[in-house]
2 protein chains.
Amino acid sequence: MRASVVTIEPNGHFCSECAVRGLAVCSSLDPAELREFEHLGRRVHFATGETVFSEEDITTSFYNLLEGVMRLYKLLPDGRRQIVGFALPGDFLGMNISGRHNFSADAIGAVTACQFAKAPFGRFIEDRPHLLRRINELAIRELSQARDHMVLLGRRSADEKVATFLLGWRERLFSLKGSSNTVPLPMSRQDIADYLGLTIETVSRTFTKLERHGAIAIVHGGISLRDPARIEALAAA
Amino acid sequence: MRASVVTIEPNGHFCSECAVRGLAVCSSLDPAELREFEHLGRRVHFATGETVFSEEDITTSFYNLLEGVMRLYKLLPDGRRQIVGFALPGDFLGMNISGRHNFSADAIGAVTACQFAKAPFGRFIEDRPHLLRRINELAIRELSQARDHMVLLGRRSADEKVATFLLGWRERLFSLKGSSNTVPLPMSRQDIADYLGLTIETVSRTFTKLERHGAIAIVHGGISLRDPARIEALAAA
DNA sequence: TGTCAAATTTGATCTGAGTCAATCGACTTT
DNA sequence: AAAGTCGATTGACTCAGATCAAATTTGACA
């Protein structure tokens with residue numbers, strides 16, 4: 001799956017055929033702009049566990065996630081970690097005002113992204129307010145998600161956290177791959193714990209408890225919702 | 001303190017003389033634009049405890065906070081509350097993509113704000129990309145603060161939460177009113193608890209403990225930092 | 001198929017923060 | 001100045017989730 005196809009595009013690909021066209025920042029561009037945009041980004045790959053950028057790194061690039069899942073996190077000096085989000089295809093990463101990334105990002109499984117050098121991308125936006133509007137829209141949506149997550153971290157019990165996570169993750173995958181009662185979980189228990197502000201043991205015990213009560217089944221690589229209404233009741237509480 | 005001064009401005013005031021000019025969204029406007037902008041907003045007042053807007057309300061206005069402090073919060077169905085932030089002069093409130101507010105806001109003490117009707121404000125932005133860029137900048141800054149707060153809520157102890165809060169609040173007031181080791185706290189203990197994901201009792205006990213250890217003094221209407229280095233050590237941990 | 005190493009689950013115990021219940025002040029109101 | 005109110009503090013006790021410590025399962029690879 002290395003870059004291999006030779007085309008006239010520096011990207012090696014056409015934006016017009018892109019899987020996340022319609023979801024991502026580029027949904028705001030018309031066909032003519034899109035052809036120009038194609039020359040701005042290049043397709044990059046990251047292997048499982050590879051770090052795309054680290055907190056405090058000077059921002060040199062922005063990324064548009066095309067395939068795979070990434071974990072976005074912050075570390076405390078003593079190593080405690082808080083995952084501030086998981087990125088999925090269509091997500092746009094790297095915006096900040098300090099010139100430095102304010103969180104770290106690494107690949108969970110193989111990842112493909114569209115990489116843009118900061119300066120030319122900035123220039124491209126300059127005279128395209130609709131692209132800026134699109135970026136603003138994505139930022140505002142993320143802000144809303146961040147506030148929801150604060151409520152979860154500050155005010156919900158372990159059971160509620162886990163139930164809310166399962167439904168939220170299913171919902172996000174739904175808009176990409178369609179509905180299913182089986183929720184694939186590509187991230188580890190440690191990742192889930194660090195996202196929910198819990199320990200790995202509590203996450204594991206909560207899954208086990210929900211399974212004993214017949215609400216879910218723990219399947220290979222994910223969770224199957226056996227009694228979605230029950231999980232929804234827990235998440236709503 | 002009701003609206004009283006009569007001038008030719010619908011606002012009753014001049015943006016060019018505004019206290020938050022330079023801090024707020026309007027910092028991106030040139031003098032000519034500013035005069036036009038003046039006709040867009042009107043000055044509104046809110047009394048202590050008054051609600052400016054509620055979560056799920058349809059967004060009809062945006063607000064630029066001029067004076068006072070507001071609490072921004074979300075409620076769970078059973079009444080648990082998470083304060084997602086405190087707003088200070090210069091903060092811009094009401095942006096969302098759903099057309100509904102995604103949190104509630106009410107006044108802590110008397111508040112003055114500049115209110116903009118959604119539609120005309122949207123039209124004003126339309127052909128002024130620099131204003132859009134400014135709004136985007138504010139959103140991205142807030143997003144960064146939101147992520148920092150997630151770390152606090154998910155991964156820090158009560159002591160660390162309280163210490164981090166005191167320093168962060170002092171820092172925000174610093175950019176408005178200059179430095180001081182006495183940190184005014186206009187919000188109640190309940191507000192602080194709901195901001196930090198703690199109970200009122202834990203906040204109170206933590207203040208008392210810090211005071212016993214000589215790190216702070218609990219003064220009327222706020223906290224005096226007696227040993228800032230100690231508080232900083234706690235917050236850094 | 002067997003051997004590690006890592007991830008996950010499970011169990012026993014501990015503890016930080018929550019809960020419940022009085023006080024204690026600081027302001028109002030009378 | 002007495003009474004009432006509301007927020008803040010303090011104390012006693014509890015408990016949800018953390019910590020510590022094994023098992024157990026899973027996956028990679030020889």
Side-chain angles (χ1 to χ4, degrees), chain A residues 47-49 71 76 78-83 108-110 152-166 184-213 216-224 234 237, chain B residues 47-49 71 76 78-83 108-109 152-166 183-213 216-224 234 237:
Chain A
T48 299
R71 71 172 81 86
L76 290 174
D78 64 1
R80 281 174 289 176
R81 184 177 71 160
Q82 177 66 46
I83 291 186
I108 294 176
L152 177 140
L153 291 171
R155 287 296 180 226
R156 315 207 81 174
S157 70
D159 288 1
E160 293 170 349
K161 284 176 175 183
V162 168
T164 305
F165 165 67
L166 285 176
L185 297 178
M187 69 292 283
S188 70
R189 294 289 190 266
Q190 187 64 68
D191 288 340
I192 297 173
D194 288 347
Y195 181 58
L196 300 178
L198 298 171
T199 59
I200 184 174
E201 293 95 331
T202 298
V203 171
S204 182
R205 274 189 253 270
T206 304
F207 279 148
T208 307
K209 187 171 77 176
L210 291 174
E211 185 171 48
R212 260 203 319 271
H213 295 184
I216 64 169
I218 302 170
V219 298
H220 181 85
I223 297 287
S224 173
L234 262 176
Chain B
T48 300
R71 71 172 83 85
L76 289 174
D78 64 1
R80 281 174 289 176
R81 184 177 72 158
Q82 177 64 47
I83 291 186
I108 296 176
L152 177 140
L153 291 170
R155 287 295 180 228
R156 315 207 81 171
S157 71
D159 288 1
E160 293 170 349
K161 285 176 174 182
V162 168
T164 305
F165 165 68
L166 285 176
V183 186
L185 298 179
M187 70 292 283
S188 69
R189 294 290 189 264
Q190 186 65 68
D191 288 340
I192 298 172
D194 287 347
Y195 181 58
L196 299 178
L198 297 171
T199 59
I200 184 176
E201 293 94 334
T202 298
V203 170
S204 183
R205 275 189 254 269
T206 304
F207 279 148
T208 307
K209 188 170 75 175
L210 291 174
E211 185 170 48
R212 261 202 319 271
H213 294 358
I216 64 170
I218 302 171
V219 298
H220 182 85
I223 296 286
S224 172
L234 262 176

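Any value given below was found using the heavy atoms of this structure, including those in side chains, with hydrogens, waters and symmetry copies removed. Letters A, B, ... are given to chains in the order of the sequence lines, protein chains preceding strands, and every chain is numbered from 1.
- Counting to the nearest Å, the P atom of D/dA16 and the CD atom of A/Glu160 are 12 Å from each other.
- DNA chain C is contacted by B/Glu201, B/Thr202, B/Arg205 of residues 200-213 of chain B, taking any non-hydrogen atom closer than 4.0 Å.
- Using a 4.5 Å heavy-atom cutoff, the side chains of B/Arg155 and A/Asp194 are in contact.
- Side-chain nitrogen and oxygen atoms of A/His220 include at least one within less than 4.0 Å of the OP1 or OP2 phosphate oxygen of D/dG27.
- In this structure, the CZ atom of B/Arg155 is 9 Å from the P atom of D/dT19, given to the nearest Å.
- Residue A/Arg189 contributes atom CZ, which lies 15 Å from atom P of D/dT25 at whole-angstrom precision.
- A 4.5 Å side-chain heavy-atom check between A/Leu210 and A/Leu234 finds at least one atom pair inside the cut-off.
- Of the charged side-chain nitrogens involved, at least one lies within less than 4.0 Å of a carboxylate oxygen, so that B/Asp159 and B/Lys209 count as a salt-bridged pair.
- With hydrogens and angles ignored, the 3.5 Å screen pairs a side-chain donor or acceptor of B/Thr164 with a backbone N or O of B/Glu160.
- When the C1' atom of C/dT19 is taken as reference, atom CG of B/Asp78 falls 15 Å away, rounded to whole Å.
- Checked by atom type and distance alone, the side chain of A/Thr208 pairs as donor or acceptor with a backbone atom of A/Ser204 at under 3.5 Å.
- The separation between B/Leu185 atom CG and D/dT9 atom P is 11 Å, rounded to whole Å.
- Annotation: side chain of B/Thr48 is not in contact with side chain of B/Ile108 (no heavy-atom distance under 4.5 Å).
- Put simply, B/Ser188 has no side-chain N or O that comes within less than 4.0 Å of OP1 or OP2 on D/dG7.
- Summarising the geometry, the separation between NZ on B/Lys161 and C1' on C/dG18 is reported as 12 Å, rounded to the nearest angstrom.
- Minimum atom distance to the side chain of B/Thr199 is reached by C/dT19, of the listed C/dT19, C/dT9, C/dA17.
- The interatomic distance linking A/Ile218 (CD1) with D/dT25 (C1') rounds to 12 Å, in whole Å.
- Here C/dT15 presents its P atom at 16 Å from CG of B/Asp159, a figure rounded to the nearest Å.
- Of all heavy-atom pairs between A/Leu153 and A/Lys161, the closest is O-NZ, 3.9 Å.
- The overall bend of the helix from C/dT1-D/dA30 to C/dT30-D/dA1, read as the angle between its terminal helix axes built from five base pairs each, is 40° when rounded to 10 degrees.
- One N or O on the side chain of A/Arg156 and one on the backbone of A/Ala237 form a donor-acceptor pair closer than 3.5 Å.
- Across every non-hydrogen atom of B/Arg189 and B/Phe207, the tightest pair is NE-CD1, 3.6 Å.
- Among the atoms of the strands shown, only primed sugar atoms or phosphate atoms (P, OP1, OP2) are found under 4.0 Å from some heavy atom of A/Gly197.
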